[in-house]
Amino acid sequence: MSIKISTEVLDGINKHVEEAYPEEGAGFLIGLEGEVKQILPLDNAREDEARHNRFLITPEDYLKAELTADKLGLSLIGVFHSHPDHPNRPSEFDRDWAQPFFSYIITSVFAGKAIESRSWRLLEDRSMFEEEEVQIL
C-alpha cells in the first residue's frame, strides 16, 4: 500500500503541526484513490494538560470533514497528526483510536521543526499498524 501526496499538501501539514508545537497538531486527509488532495487542519480538542502528547477529534470534526469531502467530490481517506519531540511511529493510544482503511500520517516535530512524515495503516484485525510508502508528487 502507498499514499500519494504533493509537496504543497505536505508543506501544509508541516506548517500546521509546527504551529501547534509543543502540542500535537492534527487534521484530516481528504482525497481520492490513495492520493491526498487537501487537508483539513483541526484545533486540538483535547484538554490542555494532555495536548502535548494527545489529540482529540470530535464527532463534529468528523461531520465537517465528511461534508467538506462530499462537497469537493472527494473522500475522507485518513488523519494526520504530530508527535512533538518523539518518533513518528504510532503509539498504543494511536492504535486504540485508529480505524482500519484510513491512512495515518505522523510527523515528528523536534524543537518546533517538522522533521519527517511517515504513513501507517491499521490492520483490519486492529492488531497493529503497517507502514505504507509515502509517494511525494
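When a residue number appears, it is its place in the shown sequence, counting from 1.
A heavy-atom distance below 4.5 Å is not found between the side chains of K4 and V36. A heavy-atom distance below 4.5 Å is not found between the side chains of P84 and E23. Within the 4.5 Å cutoff, no side-chain heavy atoms of I30 are placed close to those of I39. Using a 4.5 Å heavy-atom cutoff, the side chains of Y104 and D94 are not in contact. The closest side-chain heavy-atom distance from I105 to I5 is below 4.5 Å.
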I77/F101 under side-chain contact (heavy atoms from CB on, under 4.5 Å): CA gap, chis, key distance, verdict: CA-CA 8 Å; I77 63 171; F101 310 111; over 6 Å; no
CA sep, side-chain torsions, deciding dist, call: I3, L29, side-chain contact (heavy atoms from CB on, under 4.5 Å): CA-CA 11 Å; I3 188 163; L29 306 171; 4.2 Å; yes
Per-pair distances, 0.1 Å, donor-acceptor, side chain in residues 9-17, under 3.5 Å, sequence neighbours excluded:
| residue | atom | partner | partner atom | Å |
| --- | --- | --- | --- | --- |
| K15 | NZ | E19 | OE2 | 2.7 |
| H16 | NE2 | A26 | O | 3.1 |
| H16 | NE2 | L42 | O | 3.2 |

Side-chain donor-acceptor distances from residues 128-137 under 3.5 Å, at least two apart:
| residue | atom | partner | partner atom | Å |
| --- | --- | --- | --- | --- |
| E131 | OE1 | R118 | NH2 | 2.9 |
| E131 | OE2 | R118 | NE | 2.9 |
| E132 | OE1 | R121 | NE | 2.7 |
| E132 | OE2 | S103 | OG | 2.5 |
| E132 | OE2 | S119 | OG | 2.7 |
| Q135 | NE2 | S2 | OG | 3.3 |

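Considering every non-hydrogen atom in both F110 and P87, the closest pair reads CZ-N, 4.3 Å. Between A98 and L122, the shortest heavy-atom distance links the atoms O-CD2, 3.6 Å.
Proximity of the aromatic rings of F28 and F80 is defined here by a centroid distance below 6.0 angstrom, and this criterion is not met.
A distance-only check finds a donor-acceptor pair linking the side chain of S108 to the backbone of H86 [under 3.5 Å]. A donor-acceptor distance shorter than 3.5 angstrom exists from the side chain of D85 to the backbone of A111, with no hydrogens or angles considered.
Summarising the local packing, CZ of R126 is surrounded by more than 12 heavy atoms from other residues, nucleotides or ligands at distances under 6.0 Å.
Using modelled atom types and a 3.5 Å distance limit, the side chains of N88 and H81 yield no donor-acceptor pair.
Residue pairs that meet the salt bridge (Lys or Arg N to Asp or Glu O under 4.0 Å) test with at least one member in residues 96-116, sequence neighbours left out, are E18-K113.
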